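What follows is a single structure, written as structure tokens, with notes after it.
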Amino acid sequence: MRTSTRRGASRRVMAAAAVALAVVAGSVVTTATAIAQPDHSRAKNVIYLVGDGMGRTHVDAARQRYYGAAGKLVMETLPTVGQVTTYAVQKTSGQPGEADFVPEYVTDSASSATAWSSGVKTYNAALGVDAKGEVVPTLMELAKKAGYRTGNVSTAEITDATPAGQMSHALARGCQGPTYSAAACQDLAVTGEALPTDDVRVTPIADQIARNGTADVVLGGGLARFDAADEEALAAQGYEVLGSPADQAVATRDDLDDADGRKVFGLFNRGNLTIEKFKRENPNAVQAAEPSVAEMTSKAIDLLRNNKKGFYLQVEGALIDKRSHANDAAQTLEEMKAFDEAVRVALNFAKKDGNTTVIVTADHECAGFNIIGKGSYTNAEAVTPPGNVDAGNTANNSAPSRAASGALDGTRSTGPVNGSGSGNSGNFAPATFATPDDPEGVEDGSPEASLWLTYLSGNHTGAAVPVFAYGPGTRDLADTVDNTDLFDVVGHALRVVR
Amino acid sequence: MSVRAVVLSVAALLVAGAVGVGATLLVRGAGPGAEQVPDPASAARTAFPGLTAPTGDPELPGLATARPRPGTVAVVEGPFDDRLDLSGLRLAGNGVTGTVTVTSDVSELIELQVLAGFYDADGKLLGTGRFTHHAGEEDHGHTGPPSEEESFEVAVPDDLGGTVAAAAVGVPVLVNE
Ligand SMILES: [Zn+2]
């Protein structure tokens with residue numbers, strides 16, 4: 001892990017040294033040579049897609065579920081493949097290689113988002129600040145400053161860690177708004193004493209997003225974080241605001257279809273967006289008017305593409321993680337598929353455009369999701385399954401919900417387990433799913449289904465995550481890299497970092 | 001000094017040392033459409049003119065207008081009421097207790113604040129108190145799977161002892177992972 005970080009750093013130092021030599025030489029001939037050679041490492045546009053909580057086995061399970069063992073997800077067709085280490089550091093830690101470096105093996109989405117957005121290791125919960133609390137600029141801020149158009153799309157609240165990592169600087173990811181609170185926003189373990197409340201690092205993330213103009217296109221959930229003053233601030237910067245934060249009126253797919261502003265702000269749920277499985281099964285429900293992540297990606301590209309300099313777009317499939325926390329395999333798989341469809345949109349655009357880089361990766365694995373052999377299930381934790389009932393937005397409920405478990409299923413298990421498949425409300429794991437490899441008539445939830453899935457926990461794990469890439473500047477990703485190296489790769493592709 | 005700081009310093013030296021014409025040509029030659037990279041020191045947006053800095057923890061306007069009957073605990077409106085249920089609300093001798101059940105999202109509860117107002121027998125607001133859940137606090141760790149329920153207790157402020165006859169509660173802060 002540290003090797004790759006050092007390598008990223010040495011790459012930067014070498015590049016700087018090369019520039020220095022050239023400056024010393026001051027030779028016009030050298031310069032002319034450089035002009036004559038096209039630079040294959042640089043992209044006009046970068047689309048960076050994050051499957052939140054998407055580990056290698058999430059990819060494997062989704063492939064088997066939807067395309068069979070010999071098939072491929074769209075993301076798996078990208079030509080460059082590597083893996084990304086994801087560890088965080090503890091509060092006040094130095095960077096890798098420094099004397100005061102103290103790693104934390106399991107990251108959260110905030111630390112990970114800061115790693116690729118700003119190129120530094122930081123503590124869990126930190127956004128756009130290093131582990132000592134210093135503000136570090138983000139790729140989206142650098143891209144904006146360099147003249148790129150910028151977009152940030154998520155199926156979570158847009159103030160949640162992954163999108164916020166590109167467009168806010170906060171000591172604590174919980175400082176989301178609509179209002180400041182000292183407990184949520186301050187962190188004395190990092191800063192020693194409380195920061196003045198006009199310091200950006202304790203300014204609610206929603207207030208920052210509504211005022212910093214970092215993303216030209218903002219699409220996702222989390223309307224409840226924003227208020228009338230935020231709507232005014234957005235309008236004053238020229239944003240076309242879909243729905244209304246002031247009235248807490250959510251935007252809809254139709255609003256998105258009609259949008260044509262240079263800057264567009266649209267939030268489609270007061271909280272996180274609704275899972276695809278519910279929308280598919282309930283096409284007349286109000287939630288079905290929320291756009292999918294693929295639809296938001298497609299529209300964001302349309303809104304951003306007319307720019308000579310290019311654009312930088314981040315897209316998050318957030319509910320992969322949220323439903324993995326709930327150990328809900330059926331919804332996790334469907335969110336994987338929805339995210340992969342967003343990858344399809346990005347890749348199709350990139351192939352047509354010819355100068356667009358697409359990077360698909362994750363921030364961390366969630367829940368130790370895995371594929372097990374039939375009847376090989378042993379999981380001592382199954383007697384206390386994670387809660388997975390969402391009474392407030394029943395659209396997000398597991399079907400069936402699994403409020404309790406603990407029954408032994410002798411036909412499928414070597415240890416204490418639950419019911420008899422994903423259709424049994426006593427079940428926690430294994431969950432079984434039919435795939436295209438199965439004979440016709442095999443049903444989800446039956447012991448005959450070939451895809452057997454289980455979980456290790458209800459939280460993140462420290463596993464490395466996959467990265468898939470296409471386009472200029474991505475060659476270095478065919479390797480084991482660190483999540484901070486992604487900052488360099490994208491930064492160099494967009495030529496916004498040296 | 002961090003690696004990044006070293007790199008930035010090298011860059012700064014270069015800018016300082018570069019002959020104007022040479023530097024311009026070089027940058028132009030660096031690739032199609034390449035320009036100077038933006039100055040990282042000024043890229044982050046850290047000031048928001050027009051945004052009033054908060055002076056304290058959040059208030060709920062409903063506390064000023066609630067007039068709970070003696071012996072009762074009223075519920076006032078907050079921004080996240082569609083994500084939670086308040087139950088078991090009870091005004092005991094020294095405070096108000098109850099349970100917040102988070103009904104949306106089941107991953108880790110990161111932030112929760114319950115704001116309580118205390119009233120006299122005429123329904124006049126005497127003072128307020130808060131319960132705060134902050135993930136990662138040593139004395140407040142949950143083990144096991146993510147929890148959807150959080151019990152709270154807000155003590156009557158010392159200087160109001162004996163005069164409190166009713167209470168009202170609301171939730172101004174809620175963040176899940
Ligand atoms: Zn998570």
Side-chain angles (χ1 to χ4, degrees), chain A residues 9 12-13 16 19-20 22-23 26 28 31 34-35 38-39 42 95 97-98 119 125 135 137 141-142 145-146 169 173-174 176 178-184 196-198 200 203 207 211-212 214 224 233 270-272 309 322 325-326 384-388 390-393 458 495-498, chain B residues 2-4 6-7 10-11 14 17-19 22-23 25-26 28-35 37-38 40 42-48 50-51 53-55 57-58 79-80 82-85 101-108 110-111 113 132 134-136 144-148 172-173 175 177:
Chain A
R12 288 190 291 269
V13 172
V19 172
V23 168
V28 175
T31 315
I35 290 171
D39 186 340
R42 308 207 152 172
Q95 295 300 306
E98 295 179 345
V135 169
E141 288 169 333
L142 292 165
K145 197 151 190 238
H169 301 275
R173 61 180 293 180
Q176 292 191 22
T179 46
Y180 166 90
S181 89
T197 57
D198 63 353
V200 66
T203 299
D207 287 340
R211 287 162 185 82
N212 62 23
T214 299
R270 296 190 71 244
N272 296 319
K309 176 89 184 187
K322 303 208 184 281
H325 277 286
T384 53
N388 58 10
D390 185 341
N393 184 358
R495 56 258 185 220
V496 296
V497 297
R498 279 190 202 281
Chain B
S2 74
V3 171
R4 191 165 303 282
V6 171
V7 174
V10 171
L14 281 175
V19 178
L25 285 174
L26 184 83
R28 194 152 26 94
E35 287 103 47
V37 305
S42 64
R45 287 292 309 274
T46 58
F48 309 105
L51 180 65
T55 52
D57 270 349
F80 306 109
D82 55 348
R83 304 185 195 186
L84 59 89
D85 285 331
T101 304
V102 179
T103 57
S104 187
D105 276 341
V106 292
S107 45
E108 189 186 17
I110 296 177
E111 299 294 338
Q113 191 170 102
T132 298
H134 176 64
S147 172
E148 294 158 6
V173 177
V175 179
E177 208 247 58

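None of the values given here were measured: they were computed from a predicted structure. Residue numbers start from 1 in every chain, and the chains themselves are labelled A, B, ... in the order their sequence lines are given, proteins ahead of strands.
- Here the shortest heavy-atom pairing between B:R45 and A:H169 reads O-CD2, 4.1 Å.
- In terms of heavy-atom proximity, B:V175 sits nearest to A:G174 at CG2-O, 3.3 Å.
- Remark: B:F48 CZ to A:D207 CG distance equals 8.5 Å, nearest 0.5 Å.
- In terms of heavy-atom proximity, B:P172 sits nearest to A:T179 at O-OG1, 3.9 Å.
- Closest non-hydrogen pair, B:A43 versus A:P137, comes out as CB-CB, 4.0 Å.
- Summarising the geometry of A:A183 relative to B:T132, their closest heavy-atom pair is CB-CG2, 3.2 Å, with the distance given to 0.1 Å.
- Inter-residue side-chain proximity for A:K145 and B:S42 is flagged as met; some heavy-atom pair is nearer than 4.5 Å.
- The backbone N or O of A:R270 sits less than 3.5 Å from a side-chain atom of B:R83, completing a donor-acceptor pair.
- Checking side-chain atoms of A:K322 against main-chain N and O of B:E177 turns up a donor-acceptor pair under 3.5 Å.
- Side chain of A:T197 to backbone of B:P54: a donor-acceptor contact under 3.5 angstrom is found.
- The heavy-atom pair separating B:P58 from A:Y180 by the smallest distance is CD-O, 3.0 Å.
- Looking at A:V135, the atoms closer than 4.5 Å to chain B (heavy atoms on both sides) all sit in the side chain, from C-beta outward.
- Here the options are A:V200, A:N212, A:T203, the test is side chain to side chain contact (heavy atoms under 4.5 Å, CB included), and the partner is B:T46; only A:V200 passes.
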